[in-house]
Amino acid sequence: DLEVAIKVVIVGNGAVGKSSLIQRYCKGIFTKDYKKTIGVDFMERQIRLHGEEVRLMLWDTAGQEEFDAITKAYYRGAHAAVVTFSATDRHSFDAIRSWKKKVEEECGEIPMVIVQNKIDLVDQAVVEANEVEAMARNLHCRLYRTSVKEDLNVNQVFEYLAEKYLTH
Ligand code: GDP
Ligand code: MG
């Protein structure tokens, strides 16, 4: 089989759970204080989809999100993107549109999903379900509600993007 390799960039404000998402999907673990290993640009996981081997390379940032320091090299050649916010952080939700725009400026129209993470923290939630759904509709993106901590809906995010990429 010819192997398909998909570069996926994970964007969104700091502390929404991007590194945790990548670590959960690629290593199957969750830690309270995950810090990105310096020098590692991405983690990968191989899956089988429609009889094809698909290698997903999930790109992480060095934690400079809020300073707009994510370089072009990070976005270059990305085939898909995950735009992430936290259910407990209003600012991160308000930033969704500009993150999507930033990806499109560098990558054009690539498969993209919106991820609302930390849905396990129900009592700390600050965003209403209907406004999230309206935003996703407005941006023409599929929405996934995840808990990286509880391992809810994480695999689905990446299967959907791989599927989209293979069939586009
Ligand atoms: P990043 O800055 O976007 O990479 O965010 P991190 O992955 O470093 O996560 C920030 C904090 O949120 C860490 O303490 C994580 O353990 C925590 N976290 C990530 N995902 C979840 C989740 O689904 N639920 C809860 N309760 N905490 C989470
Ligand atoms: Mg991080």
Side-chain angles (χ1 to χ4, degrees), residues 1-31 33-86 92 95-96 98-118 136 139-168:
D1 285 5
L2 271 180
E3 187 195 75
V4 180
I6 308 177
K7 173 177 175 176
V8 184
V9 290
I10 319 295
V11 301
N13 284 11
V16 299
K18 300 182 300 298
S19 299
S20 301
L21 180 76
I22 293 167
Q23 184 177 238
R24 165 64 84 189
Y25 187 66
C26 296
K27 290 186 172 172
I29 56 171
F30 175 78
T31 49
D33 51 11
Y34 175 68
K35 291 280 181 298
K36 177 181 173 289
T37 309
I38 290 160
V40 174
D41 295 316
F42 63 86
M43 283 189 206
E44 56 181 58
R45 174 167 168 183
Q46 195 158 326
I47 59 171
R48 205 169 167 79
L49 199 62
H50 305 306
E52 286 196 73
E53 290 299 326
V54 178
R55 191 156 62 96
L56 288 151
M57 294 170 293
L58 310 190
W59 282 59
D60 201 1
T61 68
Q64 296 295 300
E65 302 90 336
E66 313 289 4
F67 305 98
D68 206 29
I70 302 181
T71 60
K72 284 190 192 303
Y74 178 74
Y75 290 98
R76 189 177 300 133
H79 303 103
V82 179
V83 183
T84 315
F85 73 98
S86 164
S92 72
I96 284 294
S98 66
W99 281 113
K100 179 173 186 271
K101 197 166 155 236
K102 197 167 172 178
V103 172
E104 281 167 354
E105 278 166 10
E106 301 295 339
C107 309
E109 300 243 330
I110 56 175
M112 230 183 276
V113 290
I114 294 173
V115 163
Q116 174 179 11
N117 188 37
K118 307 197 190 185
L139 296 178
H140 308 290
C141 285
R142 182 174 287 208
L143 167 70
Y144 284 94
R145 295 193 167 88
T146 65
S147 167
V148 171
K149 185 180 181 189
E150 310 288 343
D151 202 6
L152 287 172
N153 291 330
V154 171
N155 289 357
Q156 284 86 335
V157 169
F158 298 104
E159 263 166 41
Y160 170 76
L161 288 175
E163 178 88 42
K164 268 272 213 191
Y165 176 77
L166 285 184
T167 58
H168 77 234

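Note that this is a predicted model, so its numbers are computed, not measured.
A donor-acceptor pair under 3.5 Å links the side-chain atoms of Lys18 to the main chain of Asn13, judged by distance alone. Under a 3.5 Å cut-off, the side chain of Lys7 and the backbone N or O of Arg76 do form a donor-acceptor pair.
A side-chain donor from one of Asn117 and Thr146 sits under 3.5 Å from a side-chain acceptor of the other.
Contact record, Arg24 with Lys149: NH2-O, 2.9 Å, taken as the closest heavy-atom pair. Of all heavy-atom pairs spanning Val11 and Trp99, the tightest one is CB-CE3, 3.7 Å. Counting all heavy atoms, side chain and backbone alike, Ala162 lies closest to Val54 at CB-CG1, 4.4 Å. Summarising the geometry of Val154 relative to Val148, their closest heavy-atom pair is CG2-CA, 4.2 Å, with the distance given to 0.1 Å. When all heavy atoms of Tyr165 and Val4 are compared, the closest pair comes out as CE2-CG1, 3.7 Å. Of all heavy-atom pairs between His79 and Pro111, the closest is O-CD, 3.1 Å.
Atom NZ of Lys100 has more than 12 heavy atoms from other residues, nucleotides or ligands within 6.0 Å. Other residues, nucleotides and ligands contribute more than 12 heavy atoms inside 6.0 Å of the CD atom of Glu105.
Residue Ile10 holds its CD1 atom at 6.0 Å from OG1 of Thr84, rounded to the nearest 0.5 Å. Here CD of Glu159 is found 10.5 Å from CG of Leu161. Values are rounded to the nearest 0.5 Å. To the nearest 0.5 Å, atoms OG (Ser19) and CE (Met43) are separated by 7.5 Å. For the atom pair CG of Leu21 and CG of Asp60, the computed distance is 9.5 Å after rounding to the nearest 0.5 Å. From Ile6, atom CD1 reaches atom CD of Glu3 across 10.0 Å, with rounding to the nearest 0.5 Å. Rounding to the nearest 0.5 Å gives a distance of 15.0 Å between NZ of Lys101 and CD1 of Ile96.
In this structure, the side chains of Tyr75 and Ile110 stay at 4.5 Å or more apart for every pair of heavy atoms. For the pair Phe85/Gln116, a side-chain contact is recorded, criterion being any heavy-atom separation below 4.5 Å from C-beta on. Between Leu58 and Cys26 the shortest side-chain heavy-atom distance falls below 4.5 Å. The closest side-chain heavy-atom distance from Tyr144 to Val82 is not below 4.5 Å. Using a 4.5 Å heavy-atom cutoff, the side chains of Met112 and His140 are not in contact.
Partners of Arg45 under the side chain to side chain donor-acceptor pair (under 3.5 Å) rule, at least two apart in sequence or in another chain, do not exist in this structure.
Using a 30° and 60° split on the angle between ring planes, Tyr74 and Trp59 fall in the perpendicular class, above 60°.
Salt-bridge formation is not detected for the pair Lys102/Glu106: no Lys NZ or Arg NE/NH1/NH2 atom is positioned less than 4.0 Å from an Asp or Glu carboxylate oxygen.
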